[in-house]
Q: 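Before we start, here is the structure in question, set down as structure tokens.
Whatever order the structure lists them in is the order used to number ligands and atoms, beginning at 1. Residues: numbered from 1 along the sequence shown. Values below: all heavy atoms of this structure, side chains included; hydrogens, waters and symmetry mates excluded.
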Amino acid sequence: MKTLKIAIQKSGRLSEKSLELIRECDINLTQGKRRLIAASTDFPLQILYLRDDDIPQYVADRVADIGIVGENEVMEKAKKVNLLRRLGFARCRMSLAIPQDESYKGLQWFKGKRIATSYPNILKDYLRKTRTDAQIEEINGSVEIAPSVGLADSIFDIVSSGSTLVSNRLKEVEIVCKSEAVIIASQSLSEEKKKILTSLLFRIDTVLRSKGNKYILLNAPNDKVREITQVLPGMKSPTVMPLYKKGWSSLHSVVNEKDFWNVVDKLKELGAEGILVIPIEKMIF
Ligand code: PRT
Ligand code: ZN
């Protein structure tokens, strides 16, 4: 039987979450990360552990069928691959930063300046679109020290919390783009591989959906049930069951993490009691 080959980062910021996602899809892997390749015993999937920079190329060349990689690498490498899903982890932004003591009034600051980066293509594209005439200094790693050692006037790099910039006396002045982990796929998969991919994506979607939702149970006086059901839409509508205690009901539903605390506040106002919130392992539609 054919197997689908997925490339994931060998070690780095994406590795653990990528493996976790595969495990949450109930796919068990045989070997550990010490090898280049691992197989699954219960799903036709093979894992290739690679450097993140190489993943777009390997997928474009069909050495791997799909891959989990930072969107920034996909943009930078500009290979012909399909972007299938955004995964919501390894979120970051790509920004221009300049020395803290410089005053900044807009992109014209960069005119004639040198910008150090490991992402020359994304930067080149941005400078062209914004008609900014600056010079790109391509360097690998430790981009943030370039201004202090006199290699450049400014930098273009990944920013997450911003603390690396602060500790290098730099300030973020323009956000060029945002990035998160994504699934990419080769543009030409055999029918057999497409079938495996569909089944894998079904599992991944199920896992991603359940991550944002919680199962909620509560007790409420019967005369409040109607109002409470309006706050708790649920998948179709909430389940309502009578309690042994007269005049009371138990309501079960699903709430999204985004408006979770708002919903809980409203429920309390409406007289809900004994509210229980439980994580959902899988949500299948
Ligand atoms: O060895 P390999 O080539 O596989 O790994 P790598 O060292 O090139 O990549 P890695 O593991 O550092 O990052 C992998 C991916 O994680 C990146 O391509 C991004 O998509 C994503 N990601 C998310 C980040 C960050 N957040 C991040 N903060 N990648 C790097 N950083 C670095 C950034 O370069 C800067 O030095 O962290 C610093 C900034 O962080 P803050 O929190 O101080 O702002
Ligand atoms: Zn890398």
Q: Hey, looking at atom 38 (C) of ligand 1, which of Thr164, Leu165, Asp52 has the closest heavy atom?
A: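 Residue with the shortest heavy-atom distance to the ligand atom: Thr164.
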Q: To the nearest 0.1 Å, how far is atom 1 (O) of ligand 1 from its closest protein heavy atom, and which atom is that?
A: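 The closest heavy atom on the protein side is Arg51 NE, 3.5 Å.
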Q: Kindly give the atom name of the N, O or S atom of Asp52 closest to the Zn ion (ligand 2).
A: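 The atom in question is OD1.
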Q: Numbering the atoms of ligand 1 from 1, which are under 4.0 Å from a heavy atom of Asp53?
A: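 Reading through ligand 1 atom by atom, the close ones are 3 (O), 8 (O).
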Q: Is any side-chain N of the basic residue among Lys211 and Glu24 closer than 4.0 Å to the acidic one's carboxylate O?
A: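 A salt bridge links Lys211 with Glu24.
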Q: State the atoms of ligand 1, each with its element, that fall below the 4.0 Å cut-off from a heavy-atom position in Gly162.
A: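 Result: 41 (P), 42 (O), 44 (O).
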Q: With heavy-atom distances below 4.0 Å as the criterion, list the atoms of ligand 1 near Val159.
A: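 Answer for ligand 1: 44 (O).
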Q: What protein heavy atom is closest to atom 5 (O) of ligand 1, reported as residue, atom name and distance in Å?
A: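 For atom 5 (O) of ligand 1, the nearest protein heavy atom is Gln9 NE2, 2.9 Å.
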Q: Heavy atoms only: which of Ser161, Ala90, Ser160 lies closest to atom 28 (N) of ligand 1?
A: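 Among Ser161, Ala90, Ser160, the closest heavy atom to atom 28 (N) of ligand 1 belongs to Ser160.
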Q: Take Arg85 and Asp205 through the salt bridge (charged side-chain N to carboxylate O under 4.0 Å, His left out) test and state the conclusion after the steps.
A: CA-CA 9 Å; Arg85 293 288 186 282; Asp205 289 341; 2.8 Å; yes
Q: Counting both backbone and side chain atoms, is some N or O of Glu71 under 3.5 Å from an N or O of ligand 1?
A: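 So ligand 1 has no N or O lying under 3.5 Å from an N or O of Glu71.
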Q: Surrounding CZ of Phe43 (heavy atoms of other residues, nucleotides or ligands, distance under 6.0 Å), is the total greater than 12?
A: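 More than 12 within 6.0 Å, yes.
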Q: So between Asn168, Leu14, Val74, whose heavy atom ends up nearest atom 15 (C) of ligand 1?
A: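 Checking each option, the heavy atom nearest atom 15 (C) of ligand 1 is found in Leu14.
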Q: For ligand 1, note which part of Ser163 has a heavy atom under 4.0 Å away: side chain, backbone, both or neither.
A: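 Within the 4.0 Å criterion, Ser163 contacts ligand 1 through backbone and side-chain atoms alike.
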Q: I'd like to know if Arg13 and Asp52 make a salt bridge, using a cut-off of under 4.0 Å between side-chain N and carboxylate O.
A: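 Salt bridge absent between Arg13 and Asp52.
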Q: Of all N, O or S atoms in Asp53, identify the one at the shortest distance from the Zn ion (ligand 2).
A: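 Sorting the N, O and S atoms of Asp53 by distance to the Zn ion (ligand 2) puts OD1 first.
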Q: Name the option, out of Glu73, Arg13, Glu172, Arg93, that contains the heavy atom nearest to atom 22 (N) of ligand 1.
A: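 The option holding the nearest heavy atom is Arg13.
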Q: List every atom of ligand 1 that sits less than 4.0 Å from any heavy atom of Gly70, numbering the atoms from 1 in the order shown and giving each element.
A: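 Within the 4.0 Å cut-off of Gly70, ligand 1 contributes 20 (O).
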Q: Does some non-hydrogen atom of the protein lie less than 4.0 angstrom from atom 26 (N) of ligand 1?
A: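 Under the 4.0 Å cut-off, atom 26 (N) of ligand 1 does have protein heavy-atom neighbours.
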Q: Hey, which atoms in ligand 1 end up nearer than 4.0 Å to a heavy atom of Asp157?
A: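 Every atom of ligand 1 under 4.0 Å from some heavy atom of Asp157: 34 (O).
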Q: Closer than 4.0 Å to some heavy atom of Gly12 - which atoms of ligand 1 meet that?
A: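 Reading through ligand 1 atom by atom, the close ones are 11 (O).
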Q: Any ion pair linking Arg128 and Asp125 (charged N to carboxylate O, less than 4.0 Å)?
A: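 A salt bridge links Asp125 with Arg128.
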Q: For the pair Tyr104 and Trp109, name the ring-plane relationship: parallel under 30°, tilted 30 to 60°, perpendicular over 60°.
A: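 Because their plane-to-plane angle lies in the 30° to 60° range, the rings of Tyr104 and Trp109 count as tilted.
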Q: Atom NZ of residue position Lys5 - does it have more than 12 heavy atoms of other residues, nucleotides or ligands inside 6.0 Å?
A: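 Open.
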Q: Is Lys171 salt-bridged to Glu102, cutoff N-O under 4.0 Å?
A: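 Result for this pair is no, no salt bridge flagged.
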Q: Check Arg114 with Glu137, please: is the shortest side-chain N to carboxylate O separation under 4.0 Å?
A: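 Arg114 and Glu137: not salt-bridged.
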Q: For Lys268, is there an ion pair with Glu273 - N to carboxylate O distance below 4.0 angstrom?
A: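 Answer for the salt bridge query: no.
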Q: So, do Val159 and Met94 sit near enough that their side-chain heavy atoms are less than 4.5 Å apart?
A: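 Result no, sub-4.5 Å side-chain heavy-atom pair not found.
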Q: To which of Glu76, Met94, Glu144, Glu180 does the heavy atom nearest atom 36 (O) of ligand 1 belong?
A: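 It is Glu144 whose heavy atom sits nearest to atom 36 (O) of ligand 1.
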Q: Please determine if Asp133 and Lys111 form a salt bridge, counting it only when a charged side-chain N lies under 4.0 Å from a carboxylate O.
A: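 So Asp133 does not pair with Lys111 through a salt bridge.
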Q: Pick whichever of Ile158, Val69, Asn72 has a heavy atom sitting closest to atom 18 (O) of ligand 1.
A: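 Shortest heavy-atom distance from atom 18 (O) of ligand 1: Asn72.
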